[in-house]
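Step one of this worksheet: look at the structure below.
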Amino acid sequence: MIIGNWKMNTSREAALALSEALVGLVETHPVSVGVCPPMIWLDLVCQHTADSGLWVGAQDVIGDPYGALTGCVNAQMVLDAGAGFALLGHSERRARFSETTESVLPAVGAMLELGLFAVVCVGENQTERESGQAFAVVESQLAPLLASGLDLSGVVIAYEPVWAIGTGLAAEPADIGVMHRWIREVMGRDETLVLYGGSVTAEMAPEIFALSEVSGALVGGASLHIETFAAIVTAWEQREWN
Ligand code: PGA
């Protein structure tokens, strides 16, 4: 599966134009493609792409039921809008809002309860990688999921080495493969989908997708340009043929 994460980008017009282009893209590329527009355009994108086969997801969601929580959106609202999944614990939210896997667990649970899927993001920062802590950090980020008692079949993991997000730096394919294997081992489920997300570009996509451990990509910056995103989707489609 290839998911585009627009982050805090796109005007209303740009969101509509990209949605239209994505509808065309999924018509011609029969692979799973998802998009996470900014929350304010979620409903718009859902309406615009309804019945196209495109998965639409929220960039974040809160685990609480309806109630007094100014500025937040819950899983039921995401479902009502027509979205099918949400990103949770993205590194930018971990850094900016001190989110942890533990703090997003209620949101993971709320999504699963409604039959939606949750993409939980994990990944080490540069200092952690350089000091040999990458595997321990990722394991500790996965641990709360395992301890939660939730049915993890609806959980997708996105491995996003923080030092390679939005920086243009890329992890070595061999390192990506080893980490993805580690994630599945920690999860204790061979069938867990593990997406790679760290400055994925059209150029590097074929090399990353050649790794059998990679189940797809979470694409940030490159998803804002339909040609680049289409090239990444095409690279994934070719992998599925092989
Ligand atoms: P990037 O972002 O592709 O711009 O590095 C990936 C992500 O953070 O989801």
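Indexing begins at 1, ligand by ligand and atom by atom, following the structure's order. The structure presented is a predicted model; accordingly, all values stated were derived computationally and were not measured.
Considering backbone and side-chain N/O of L218, none are found under 3.5 Å from N/O of ligand 1. Residue G197 has no nitrogen or oxygen atom sitting less than 3.5 Å from a nitrogen or oxygen atom of ligand 1, judged on distance alone.
Ring geometry for Y196 versus Y159: interplanar angle of 30 to 60°, hence tilted. Under the 30°/60° scheme for interplanar angles, the aromatic rings of F85 and F117 are found to lie parallel.
The shortest distance between side-chain heavy atoms of L87 and N5 falls below 4.5 Å. For the pair T101 and R94, the minimum side-chain heavy-atom distance is below 4.5 Å. Inter-residue side-chain proximity for R93 and Q59 is flagged as unmet; no heavy-atom pair is nearer than 4.5 Å. Side-chain contact between S215 and M1 is absent, with no heavy atoms from C-beta onward closer than 4.5 Å.
Only the side chain of N5 comes within 4.0 Å of ligand 1, judged by heavy-atom distances. Contact annotation: for A164 versus ligand 1, heavy atoms closer than 4.0 Å belong to the backbone alone.
Counting the atoms of ligand 1 from 1 in the order shown, those under 4.0 Å from a heavy atom of G221 are 1 (P), 3 (O), 4 (O). For ligand 1 and S199, the ligand atoms under 4.0 Å from any heavy atom of the residue are 1 (P), 3 (O), 5 (O).
Scanning the protein heavy atoms around atom 2 (O) of ligand 1, the nearest turns out to be K7 NZ, 3.0 Å. What sits closest to atom 8 (O) of ligand 1 on the protein, heavy atoms only, is H90 NE2, 2.6 Å. Among protein heavy atoms, atom 3 (O) of ligand 1 sits closest to G220 N, 2.9 Å. The nearest heavy-atom contact from the protein to atom 9 (O) of ligand 1 is E160 OE2, 2.9 Å.
Judged by distance alone, the side chain of R239 and the main-chain N or O of I208 form no donor-acceptor pair under 3.5 Å.
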